[in-house]
Amino acid sequence: MSMSREGRLPPDGLDAVEAEAWRFIEAGGRSFRAPFHSGVLGSIGPDGPNLRTVILRGADGAGRRIWCHTDIRSPKIAELSADPRVAWTFYDEPSRLQLRAWGRAVIHFGDDLARHRWQATVLNSRRIYHAVAPPSSISPVATGGLPPELDDARWTPELSERGEANFAALETVISRLEALYLHHAGHRRASFRYDASGARTAADWLIP
Ligand SMILES: Cc1cc2nc3c(=O)[nH]c(=O)nc-3n(C[C@H](O)[C@H](O)[C@H](O)COP(=O)(O)O)c2cc1C
């Protein structure tokens, strides 16, 4: 990806822009070195919009789905159970490309998909799922929330398996995707819509 401050020009045509956007999202879901490896996930909370940074853990462009991982006890799960509508935003500063997506969340917990994703989760990423108290609960002291038996000396793959009890894979089924290319020669913005089966129902240039 270009590192120029000029920004990145979109490829020719809406089909190519859409393909590039999904390619970047899929790459971000595969590698921590890729742009778009983290994004901001928005849900609707009891007090209004709620945003948080999450790691993109996978994407399937053909299936119009993206995934992140979280603790089943976290407030975002309750929010998404009450209202599954979500928005995502990703920004890569070196290329000055913003990707936005909207869709519906599907919570995978204790099912085949969650099991498969847990098995693919590396040892170090499993640690946070061992927090004794639920994420967001108030603590009398500053703490990472992990029990003492999880200190480095005793942290083993066998012990890590207990974290699966709190592990959820959060799927978003994308219904709309937008790409905004900032460029000194003129910005470009494209929008794509999908129906429930993932078929594209619209592809449009927008005024940036
Ligand atoms: C770089 C970064 C990556 C993060 N990745 C995740 C993640 O993949 N999953 C997650 O649940 N929280 C992640 N967090 C923490 C969330 O931003 C948030 O603080 C936490 O999930 C609590 O959100 P909630 O109270 O809305 O449930 C990440 C935070 C940062 C700064």
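Every number for a ligand or one of its atoms is a count from 1 in the order of the listing. Counting begins at 1 with the first residue of the sequence.
- Pairing each heavy atom of T89 with each of R100, the nearest pair is OG1-CG, 3.9 Å.
- A donor-acceptor pair under 3.5 Å is absent between the side-chain atoms of H183 and the main chain of R8, judged by distance alone.
- Hydrophobic clustering, with ILVMFWY side chains joined whenever heavy atoms are under 4.5 angstrom apart, keeps I72 apart from W118.
- The option with the heavy atom closest to atom 8 (O) of ligand 1, from among L41, I55, N50, I77, is I55.
- Distance from atom 13 (C) of ligand 1 to its nearest protein heavy atom, with residue and atom name: T53 O, 3.5 Å.
- Protein heavy atom in closest approach to atom 21 (O) of ligand 1: K76 NZ, 2.7 Å.
- If you look at R57 next to ligand 1, there are no close heavy atoms at all, none under 4.0 Å.
- Heavy atoms of S136 approach ligand 1 to within less than 4.0 angstrom.
- Between E164 and R115, no side-chain nitrogen of the basic residue sits less than 4.0 Å from a carboxylate oxygen of the acidic one, so the salt-bridge criterion is not met.
- Atom CZ of R193 is surrounded by 12 or fewer heavy atoms from other residues, nucleotides or ligands within 6.0 Å.
- For atom 11 (O) of ligand 1, the closest heavy atom belonging to the protein is T70 OG1, 2.6 Å.
- Using a cut-off of 4.0 Å between Lys/Arg side-chain N and Asp/Glu carboxylate O, R117 and E171 are scored as not salt-bridged.
- Scanning the protein for heavy atoms near atom 9 (N) of ligand 1, the closest one is H69 O, 2.8 Å.
- Here P75 has heavy atoms under 4.0 Å from ligand 1 in both its backbone and its side chain.
- Under the 4.0 Å distance rule, the nearest protein heavy atom to atom 19 (O) of ligand 1 falls outside the cut-off.
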Decide yes or no on side chain to side chain contact (heavy atoms under 4.5 Å, CB included) for L14 and F192, but give the supporting numbers first. CA-CA 9 Å; L14 285 161; F192 307 92; 4.1 Å; yes
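- The protein atom (non-hydrogen) at minimum distance from atom 26 (O) of ligand 1 is R52 NH2, 2.8 Å.
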